[in-house]
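Computed over heavy atoms, backbone and side chain alike; hydrogens, waters and symmetry mates excluded. We count residues from 1, following the sequence as given.
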Amino acid sequence: MTSLILVPRRSITTAAPASFSSAAEPMVKSVQPFRDCWSCGASLAVETPDTSADSSSSCHTYFCPQCGKIQPLSQDSDYFALLQYPAPTFIISPKDLESRYKNLQVKLHPDRFAVMSPEEQEHSADQAAAVNQAYDVLRQPLRRAQYILTLAGLGACETLTSTDPELLEAAMEAREEVDAAETHEELKKILKKVEAQEWEKIEELAEAFSKGDLHKAGEGTVFLRYLMRIKEAIIEKM
């Protein structure tokens, strides 16, 4: 089975990603290269995916339009391409994402290729696994934000930290509040406050990404990661 490590097919530019000190830059997508079908040799022209999860052309990157054979997993596709989004986007409807995921899984499920050739069985398993992986990342706001920033060239965004003193102080105070809490009711009250901050930060991230402001999106992602860790600590202590 081939590797499921996917090479970003689209880039999001930023001048100085590691420090979050650059001005906002627009998010752009690159062009996928042309490929040929492994079975019939037909050219697989890469088109902009239909934005509808139920579109009949939603799987055109998965199957040859000439012979209908399932294709090998493309190392040029990122998670957004796999789930038929025309470009990386933080603003995703959970219902729409789930619909795209289920639609693809029905078409790619290995059981549908059980009597096909070994090549088709392998391609089906690889494609289905890749779609699972993509869905697992994109359905979670924090992981989705980190992934978009990774596509922007920020590297391992999970390890990024912030030098914003207000952010660091707020995170420290929240953690101290959790440590000091002694009753279940106190923890529930803190959890409610953290969850409100979480959704507020997600809304801010949506605005930052929509404007291509990677500086603000980077800082927001770091703070959201802090909030998620605090939330996990609260739940564990409860």
Side-chain angles (χ1 to χ4, degrees), residues 1-10 12 27 29 32 46-63 68 70-114 121 123-152 157-158 191 194-210 217 220-221 224-225 227-229 231-232 235:
M1 187 175 293
T2 56
S3 170
L4 297 182
I5 299 176
L6 305 176
V7 177
R9 72 162 188 159
R10 287 164 285 198
I12 307 172
M27 293 189 286
K29 67 174 182 178
Q32 267 196 44
V46 177
E47 303 172 357
T48 301
D50 193 299
T51 56
S52 171
D54 298 321
S55 168
S56 60
S57 63
S58 65
C59 283
H60 70 79
T61 57
Y62 292 91
F63 297 90
I70 189 168
Q71 297 301 300
L73 177 63
S74 172
Q75 297 298 306
D76 298 310
S77 294
D78 56 45
Y79 292 155
F80 292 97
L82 286 173
L83 286 162
Q84 304 293 281
Y85 288 97
T89 176
F90 182 76
I91 303 174
I92 286 179
S93 161
K95 184 177 180 180
D96 176 63
L97 178 63
E98 183 179 12
S99 177
R100 291 169 185 266
Y101 168 69
K102 289 182 177 180
N103 183 48
L104 286 170
Q105 281 295 3
V106 168
K107 296 179 179 181
L108 300 171
H109 198 283
D111 286 351
R112 297 191 63 178
F113 300 85
Q121 292 179 31
H123 299 334
S124 168
D126 288 345
Q127 296 280 24
V131 168
N132 279 336
Q133 189 178 37
Y135 177 69
D136 189 51
V137 169
L138 299 187
R139 69 187 179 89
Q140 303 175 62
L142 175 58
R143 295 188 68 186
R144 184 165 70 245
Q146 291 172 333
Y147 185 67
I148 294 174
L149 293 173
T150 298
L151 291 181
C157 294
E158 294 86 349
L191 179 61
V194 170
E195 288 178 335
Q197 291 178 308
E198 175 188 349
W199 286 110
E200 180 181 346
K201 189 55 60 178
I202 289 173
E203 290 178 355
E204 291 177 6
L205 278 172
E207 181 179 2
F209 278 119
S210 67
T221 300
L224 180 59
R225 189 175 75 233
L227 288 174
M228 296 303 293
R229 288 177 177 174
K231 183 177 178 179
E232 290 172 1
I235 294 174

Query raised in the report: Between the side chain of Arg112 and the main-chain N/O of Val106, is any donor-acceptor distance below 3.5 Å?
Result: yes
Report task. Starting at CG of Leu205, measure out to CG of Leu224 and round the result to the nearest 0.5 Å. Result -> 6.0 Å
Query raised in the report: About how many Å separate NE2 of His123 and CG of Asp126, when rounded to the nearest 0.5 Å?
Result: 8.0 Å
Query raised in the report: Side chains of Leu151 and Tyr79: closer than 4.5 Å at any heavy-atom pair?
Result: no
Report summary line: For residues 81-93, the salt bridge (Lys or Arg N to Asp or Glu O under 4.0 Å) pairs (sequence neighbours left out) are none
Query - Contact check, side chains of Ile91 and Ser210, non-hydrogen atoms, under 4.5 Å - result: yes
**Report entry** Distance-minimising heavy-atom pair for Ala125 and Pro110
**Finding:** CA-CG, 4.1 Å
Report task. Kindly say whether Gln146 contributes a backbone atom to a donor-acceptor pair with the side chain of Thr150 at under 3.5 angstrom? Result -> yes
Query raised in the report: Looking at side-chain heavy atoms only, is the closest gap between Leu73 and Leu82 below 4.5 Å?
Result: yes
Report task. With the side chain counted from C-beta on, respond yes when Arg144 and Phe80 share a heavy-atom pair under 4.5 Å apart, and no when they do not. Result -> yes
Query - Side chains of Arg100 and Tyr85 in contact at under 4.5 Å (non-hydrogen atoms) - result: yes
Query raised in the report: Is there side-chain contact between Tyr101 and Val131, with heavy atoms separated by less than 4.5 Å?
Result: yes
Can you give the donor-acceptor pairs under 3.5 Å from side chains of residues 195-203 to other protein atoms, not counting sequence neighbours?
residue	atom	partner	partner atom	Å
Glu198	OE1	Lys231	NZ	3.2
Lys201	NZ	Glu204	OE1	2.7

Report task. Measure across Tyr62 and Leu83 and return the closest heavy-atom pair with its distance rounded to 0.1 Å. Result -> OH-N, 4.4 Å
Requested in this report: Can you run down the salt bridge (Lys or Arg N to Asp or Glu O under 4.0 Å) pairs that involve residues 129-138, sequence neighbours left out, and say none if there aren't any?
Outcome: Asp136-Arg139, Asp136-Arg143
Report summary line: Shortest non-hydrogen pair, Gly68 vs Phe63, comes out as O-CD2, 3.5 Å
Query raised in the report: Do you know the tightest heavy-atom contact between Ala114 and Gln121?
Result: O-NE2, 3.3 Å
Query raised in the report: Is the side chain of Gln127 donor-acceptor paired with the backbone N or O of Gln71 at a distance under 3.5 Å, no angle test?
Result: yes
Requested in this report: Taking the side chain as every heavy atom from C-beta outward, state whether Pro141 and Phe90 have any pair of such atoms under 4.5 Å apart.
Outcome: yes
**Report entry** Note, Asn132 side chain near Gln105 side chain (heavy atom, < 4.5 Å)
**Finding:** yes
